[in-house]
Amino acid sequence: MTTTFHSTRSTTDSLTSKQAIRKGIADDGGLFVTDALGSTKVDIADLAGRPYQSIAYDVLHALLPDFGEDELRACIAEAYGAQWSDERITPLKPLGDDYILELFNGPTCAFKDVALQILPRFMARTTPADGGDGTGDGAGDSAEKIMILTATSGDTGKAALAGFADAPGTAITVFYPQGKVSQVQELQMTTQAGSNVNVAAVEGNFDDAQSAVKRIFGDRQLAEKLAADSHAVLSSANSINVGRLVPQVVYYFSAYAQLLEQQVINVGDEVEFVVPTGNFGDILAGYYAKLLGLPVKHLVVASDKNNVLFDFLTTGTYNRQRPFYQTISPSMDILVSSNLERMLYYFSEGDTRLISMLMNDLKNWGTYEIPEDLLAKIRQLFGCGWANEDQVRAMIADCWEANRYVIDPHTACAYFVAQQMPRDPLTPRVILATASPYKFPRVVNESLGFDATGTDFDCMDALSRETGTTAPAALRGLETAEVRFTNVVPIDGMERFVANAAKAL
Ligand SMILES: *Cc1c(COP(=O)(O)O)cnc(C)c1O
């Protein structure tokens, strides 16, 4: 069976994975999916003891078959090399009766590195003929460059900058809301090295910046100008791109391999995962792993106070018309969880008409409701829970006291949900840890009763002193790193900033 990709909302497209990665999102607003998912299984019999990179090859080859073996191996070697502080890439560690899968040992200390270290390498191996309408009729020439454009509330911007810095054929522009990100997050972005990177603070909040970016993407005049003046096309690195989703499938297999190696399980035994979730990308990857043959018993969605997914999974009604809370787990603060659309596609057995209708309802009414039998099916695999901010703080303290292990506020949501669930002694449980606690040293110190005054760096030092752990050099070193970007632009100046950045390509 050949693997082609089409929209979750219609079957008219027929794109290769390279085309889908270059294009990002389907013309009808749907997300790219393939009906071949699961027809090739990944062999789990010989996983134990294999390096991450080797497991990554098997998994990514099954998901992106039009990448050649040499291409794929090169992407993997470049993405999962010495920039990771642990050679296992995503090490699995015991945590009380459970296990924790650390996804934050990459260059920016957040789980988004897993995907954003390899996405630029994938893109560099697509050509303009892979983009456009997919006919390869030469809408563009070989000098065409991709300009990645992102508005960020913190984590994504830095991980994207680190991934795309000096990546061939690409440039990247990141906007963040002035005064609305932490000192560490701001410095992570403004000190970014690379000849193809641009960073600006925006006079406005995250929603203003995000809306402006969406408008820029829809601006035909700008698109024509960029194409004519700079041979550039705009693209996005957000988590609806299939090239950002599939690298995350690998760490589920890696977790299983490590459980086998540590003789916690035998081949074929089922495992449960508890996953801090916002846009549903992190957990959807676990479902893809199951379709590829990984014995996954349950996937548990852990949300913060923005618990729209909890309500959906308990009632069958998705309702985005609700207050938005800015919490201490900012990367999970979300009202529209985009990747859910892919899960609904597969659970409805590819019912594009249903998906199209639901997404239309979401757009027009801010809400949709799925059929009862569909919800029942989903609930057999997906559990759910959520933690408020007091519970998050309490769990950071609880986990430290019980296990002498420091977790960040996002991971703490999952830790809380795991504590609430009845545990099945026969099924090992893996909690995904999505950020280093040193990215959020002030909240962590407050929760643990350590000194939380002074700068973020003072907080890092106190955390280090009190717990005997070491701050990642990539974060601690920011205090003395050279600031390269000090631009502040008004909302209506963002478009000009992008056009100027493209001129330098
Ligand atoms: C992005 C992010 C999440 C949520 O991941 P989704 O793919 O949006 O579900 C959780 N924790 C951290 C630290 C993140 O950066």
Side-chain angles (χ1 to χ4, degrees), residues 31 90 100-117 119 150-163 176 181-182 184-185 188-189 206 237-249 251-252 273-289 299-310 312-313 327-343 382 384 386-387 392 395-396 406-417 431-441 443-444 472 475:
L31 277 53
T90 59
I100 194 138
L101 183 68
E102 289 185 356
L103 305 178
F104 55 74
N105 292 293
T108 81
C109 308
F111 109 99
K112 292 189 171 61
D113 286 330
V114 176
L116 282 164
Q117 281 296 304
L119 178 66
T150 303
T152 185
S153 54
D155 279 352
T156 305
K158 173 59 184 182
L161 284 166
Y176 67 91
V181 302
S182 75
V184 166
Q185 286 177 317
Q188 275 194 303
M189 292 188 273
F206 172 65
N238 70 21
S239 72
I240 53 184
N241 192 310
V242 70
R244 237 190 94 170
L245 176 66
V246 297
Q248 299 177 182
V249 180
Y251 53 70
Y252 285 91
F273 293 92
V274 188
V275 188
T277 305
N279 212 19
F280 211 77
D282 198 5
I283 194 155
L284 182 72
Y287 176 54
Y288 277 38
L299 293 164
V300 182
V301 172
S303 304
D304 67 14
K305 194 177 175 190
N306 294 290
N307 56 4
V308 63
L309 284 168
F310 175 85
F312 171 67
L313 290 167
T327 75
I328 51 176
S329 45
S331 296
M332 289 159 62
D333 291 343
I334 216 161
L335 292 182
V336 178
S337 193
S338 312
N339 268 304
L340 190 61
E341 184 171 344
R342 284 193 167 104
M343 186 269 266
F382 286 93
C384 59
W386 68 282
V392 167
M395 286 305 112
I396 293 172
V406 191
I407 52 177
D408 94 291
H410 302 81
T411 308
C413 293
Y415 184 83
F416 175 77
V417 171
I431 296 167
L432 273 52
T434 49
S436 161
Y438 281 95
K439 275 202 91 166
F440 305 93
V443 172
V444 169
L475 296 179

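Heavy-atom basis, side chains included; hydrogens, waters and symmetry copies ignored. Counting starts at 1 for both ligands and their atoms, in listed order.
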Trainee: Where do T108 and D155 land on the side chain to side chain contact (heavy atoms under 4.5 Å, CB included) test, with the steps shown first?
Mentor: CA-CA 8 Å; T108 81; D155 279 352; over 6 Å; no
Trainee: Could you tell me, atom by atom, which parts of ligand 1 come under 4.0 Å of a heavy atom of D282?
Mentor: 5 (O), 6 (P), 7 (O), 9 (O)
Trainee: Please write down residue, atom name and distance for the protein heavy atom closest to atom 8 (O) of ligand 1.
Mentor: N279 N, 2.7 Å
Trainee: Which heavy atom of the protein is the closest neighbour of atom 9 (O) of ligand 1, given with residue, atom name and distance?
Mentor: G278 N, 2.8 Å
Trainee: Among all protein heavy atoms, pick out the one at the shortest distance from atom 2 (C) of ligand 1; state its residue, atom name and that distance to 0.1 Å.
Mentor: K112 NZ, 2.5 Å
Trainee: Just to confirm my output: which protein heavy-atom neighbour is closest to atom 11 (N) of ligand 1, and how far is it?
Mentor: T434 OG1, 2.8 Å
Trainee: Would you please indicate if the ring centroids of F382 and F280 are separated by under 6.0 Å?
Mentor: yes
Trainee: To which protein heavy atom is atom 5 (O) of ligand 1 closest, and what is the distance rounded to 0.1 Å?
Mentor: F111 CE2, 3.4 Å
Trainee: Under 4.0 Å from a heavy atom of A435: which atoms of ligand 1 are those, numbered in the order shown and with their elements?
Mentor: 13 (C)
Trainee: Side chains of V300 and C384: closer than 4.5 Å at any heavy-atom pair?
Mentor: no
Trainee: Looking at S329 and H410, would you say the former's side chain and the latter's main chain have a donor-acceptor pair under 3.5 Å?
Mentor: no
Trainee: Can a donor-acceptor pair be found, under 3.5 Å and without considering hydrogens, that links the side chain of Q248 to the backbone of A115?
Mentor: no
Trainee: For K112, is there any backbone N or O sitting under 3.5 Å from a side-chain donor or acceptor partner on R244?
Mentor: no
